[in-house]
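Since the model is a prediction, treat every value here as computed from it, not as a measurement.
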Number of protein chains: 4
Amino acid sequence: MSNQFSIEELLKLTDEDVKMSEKQKKVVEAAIEIFADKGFAAASTSEIAKKAGVAEGTIFRHYQTKKDLLFSIVMPTITTFIAPFLVRNFLQDVTKQNHQDLEQMLRFILENRYEFIKKNHPVIKILLQEVFFHEEFRGELRKVVLEHAVEKLKQLITHFQEKGEMVEMPPETVLRMIITTIMGFLIGRFIIMPDLDWDDEAEKEYTIQFLLHGLMKR
Amino acid sequence: MSNQFSIEELLKLTDEDVKMSEKQKKVVEAAIEIFADKGFAAASTSEIAKKAGVAEGTIFRHYQTKKDLLFSIVMPTITTFIAPFLVRNFLQDVTKQNHQDLEQMLRFILENRYEFIKKNHPVIKILLQEVFFHEEFRGELRKVVLEHAVEKLKQLITHFQEKGEMVEMPPETVLRMIITTIMGFLIGRFIIMPDLDWDDEAEKEYTIQFLLHGLMKR
Amino acid sequence: MSNQFSIEELLKLTDEDVKMSEKQKKVVEAAIEIFADKGFAAASTSEIAKKAGVAEGTIFRHYQTKKDLLFSIVMPTITTFIAPFLVRNFLQDVTKQNHQDLEQMLRFILENRYEFIKKNHPVIKILLQEVFFHEEFRGELRKVVLEHAVEKLKQLITHFQEKGEMVEMPPETVLRMIITTIMGFLIGRFIIMPDLDWDDEAEKEYTIQFLLHGLMKR
Amino acid sequence: MSNQFSIEELLKLTDEDVKMSEKQKKVVEAAIEIFADKGFAAASTSEIAKKAGVAEGTIFRHYQTKKDLLFSIVMPTITTFIAPFLVRNFLQDVTKQNHQDLEQMLRFILENRYEFIKKNHPVIKILLQEVFFHEEFRGELRKVVLEHAVEKLKQLITHFQEKGEMVEMPPETVLRMIITTIMGFLIGRFIIMPDLDWDDEAEKEYTIQFLLHGLMKR
DNA sequence: AATGAATGAGGATTCATTCAT
DNA sequence: TATGAATGAATCCTCATTCAT
């Protein structure tokens, strides 16, 4: 289980950002804004430099290429996005502790990722936009999602199916429904129509209810 | 109801493309392939010309700018994608004729859009990738989706709710679940993981079942 | 005197234009307008074709290159512009017939060239604009102006000086004053400020008076 | 009189060019040479770069467009060319000090502009060639010439007419004669036939004599 | 560490000219 | 004779990246 980390270890990775100089932080902020706005290919380093208030050359002191800058922004977010499912005791937490049933798990995942995207939606937007164009992102996603999170979640689904709480569909299909429904909500909410006047709590509740009834044992 | 067309009228519009010369068709084909592959901004006209087997100038004889080429490819697909919901008698078809219940409607929509995306997934992929970067696409989508399809579908949902077949949620939310679930399936199937070995008929059935149970009156 | 023509012969040259087809005439008209407006280098053959209402290829059926089209327009005008001074009996006309004195000659030249430019100012404008960039124009001008007109006019000036009617300056210098003054008026009048409200008769008279007093024997 | 400057102020503006880097100076020199030689539209930035010994991109680091490069060369020359007439005490200098009569004034203007064009004829050539094609040049000329120089010179002409030294023609017409004659000389001397073997002092003297007699009270 | 001038490869686009119809 | 699709070289300009200061 070498690919599993404690929350503390994961946070440590993120905290390494603290080492960044003031200028470097400005560069990253500007890059996130501009990448999210017009896409990686259409963003120019000179525009980023201008918005960050640094010289053009400064960017390349910290990042060897424009692509490195993109990766340094998106890659950690991929990991962090999947982090809850990588954490060593996620499965036990859900099955043995207080999240004892399906509903608890769905609520936990939705709430948890809702908060995450609320804070990180610009980077998530960049990821969504660029995932098509950079095999590296797909590779990283495959690694963290498919190889670890998926397996763990499929075990969980099987567990619920065995307990008789969940419909008998292939676990992959059930997973697809869950991801599709939750991500559909979050992407709609934060990426596609962030300016709409959402009643978040109500929508979360509807989403959970929809998932529960859609997946419950008949 | 001037914005509603018969299927015949819509098809007529598309058939006007037949006027394209052999070279022009080659250009469009190459452009679709390359735009889908690396995105509009990262695609170069010289690469498109080379793949199409024409001179670079030939592209600009038919399309004033690279952006025009993109639009000429994607815009008609936006319309066609929404077309079934624009057609004059869609609502009657579903409510009064043989599609008398929710299940029939969902099956109809899924099957219908499945076939469409099966044929047009490269262009749909381009649309998904570029919709973030071109206000014109969002504008067109807003026009055809929000102003026409949404209203009609919400009426339909209300209709099913009044008949007691459907859960009492805001029609917008129900619509979100339907779109999210169907599009989630189709995008996963054709855009994100087309190389996976899908059992399409089974997945369609699961998707319908998931939607039905998720949305059925409790 | 092989470079001297009768007025009839010169007009014959111009009449060869009659052979032009309707389309060709349209091309020439459009070309004159556009060359005069934006200059030869910035004018495009496709714009000329559009304005002329012909296909792009049609221009090249009549003129091998864009430059040929320019030359076919400007070259004859160079000749015609100098024509009065090339005509076999111009000198006799002025010195022996009714134009017996300096004033008569200056009036004749001014009036004569005034009418010419009034009719041909678009082509004269093109000539002025392009003479810097095409050695061929300078060559043609040198040929017709320097080799023939200048010699004849210098003889005339010497003639007036010998008669004691004209100041003792080098004939080249006198000629420069005459050309400068007359062309200065005509270019100002028709090329630089054609939209001003000129009192042409008064300005012609002032110009003649200025020349006469400037050049008269002291 | 906010549009009037001391000679010192005007020179200060020009001296700010000193800020140019070595490469930038090379670019400007090469551009002047090539614009003068083949005209703005027919000059290519790659040719300018090659002649300047810099990369093509270097041009665009200093000038956003090729047109900006042209303007940065010609615009200051327009101002400088008119500068003597804008200077605060030009009128007093001519009327009240040592240049008390018409002859002094004409000699002053001719000599002064002769030296100017001697130094700046390539840029003046560019201006003459391009003034037809760029409304901006005409606008700038109108501004500096018409609004300031013309009015002042017309006052001066009226002043001489009132003193009985000058012929009674409309001041605009007198001005036209002066400009036409002086510019005719300078353009002929430096732009059209710079290779001729001119006796400059003699020609200046003839030009002054011609103007004086042409404009003197009868 | 930071700057910003310089680079030069590559981009979209234009255009005179050709040629099959 | 006239057309207009096709060409491809050349154009202006952008941009990621380098490097001397």
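- The aromatic rings of Phe71(B) and Phe137(B) sit tilted, their planes meeting at an angle between 30° and 60°.
- Ser44(D) is linked by a side chain to side chain donor-acceptor pair (under 3.5 Å) to Ser46(D), counting only residues two or more places apart in sequence or in another chain.
- Residues from residues 35-44 of chain D placing a heavy atom under 4.0 Å of any atom in DNA chain E do not occur.
- Contact check of residues 57-71 of chain C against DNA chain F (heavy atom, cut-off under 4.0 Å) returns Gly57(C), Thr58(C), Arg61(C), His62(C).
- Phe60(B) is linked by a side-chain contact (heavy atoms from CB on, under 4.5 Å) to Thr45(B), counting only residues two or more places apart in sequence or in another chain.
- Summarising the geometry, the separation between CD1 on Ile48(B) and C1' on dG11(E) is reported as 12 Å, rounded to the nearest angstrom.
- Residues that satisfy the salt bridge (Lys or Arg N to Asp or Glu O under 4.0 Å) test with Glu136(D), not counting sequence neighbours, are Lys67(D).
- Along DNA chain F, read 5' to 3', the first and last nucleotides having any atom under 4.0 Å from a heavy atom of chain B are dA5(F) to dG8(F).
- By the salt bridge (Lys or Arg N to Asp or Glu O under 4.0 Å) test, Glu140(A) pairs with Lys143(A), sequence neighbours left out.
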Under the 3.5 Å Watson-Crick or G-U criterion, the dot-bracket string of DNA chain E, with | for inter-strand pairs | .||||||||||||||||||||
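- For Phe132(B), the side-chain contact (heavy atoms from CB on, under 4.5 Å) partners two or more places apart in sequence, or in a different chain, are Lys125(A), Gln129(A), Ile191(A).
- Gln24(D) is linked by a side chain to side chain donor-acceptor pair (under 3.5 Å) to His62(D), Tyr63(D), counting only residues two or more places apart in sequence or in another chain.
- Contacts of Glu56(C) classified as salt bridge (Lys or Arg N to Asp or Glu O under 4.0 Å), with partners at least two apart in sequence or in another chain: Arg61(B).
- Lys66(C) contributes a side-chain N or O that, together with a main-chain N or O of Phe40(C), makes up a donor-acceptor pair within less than 3.5 Å.
- Although no hydrogens or angles enter the test, the distance criterion places no donor-acceptor pair under 3.5 Å between the side chain of Glu47(B) and the main chain of Ile34(B).
- With sequence neighbours left out, Arg138(B) forms a salt bridge (Lys or Arg N to Asp or Glu O under 4.0 Å) with Glu135(B).
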How far apart are the C-alpha atoms of Leu127(C) and Thr77(C), what are their side-chain angles, what is the distance that settles it, and do they pass the side chain to side chain contact (heavy atoms under 4.5 Å, CB included) test?
-> CA-CA 9 Å; Leu127(C) 174 58; Thr77(C) 303; 5.6 Å; no
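- Here the C1' atom of nucleotide dA9(E) and the CD atom of Glu47(B) are 16 Å apart, to the nearest Å.
- A residue-by-residue look at Gly53(C) and Thr45(A) shows that Gly53(C) has its nearest nucleotide of DNA chain F further toward the 5' end.
- Among the heavy atoms of the strands, none lies under 4.0 Å from Gln24(B).
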Does the side chain to side chain contact (heavy atoms under 4.5 Å, CB included) test come out yes or no for Val74(D) and Phe35(D), once each step is laid out?
-> CA-CA 11 Å; Val74(D) 175; Phe35(D) 286 159; over 6 Å; no
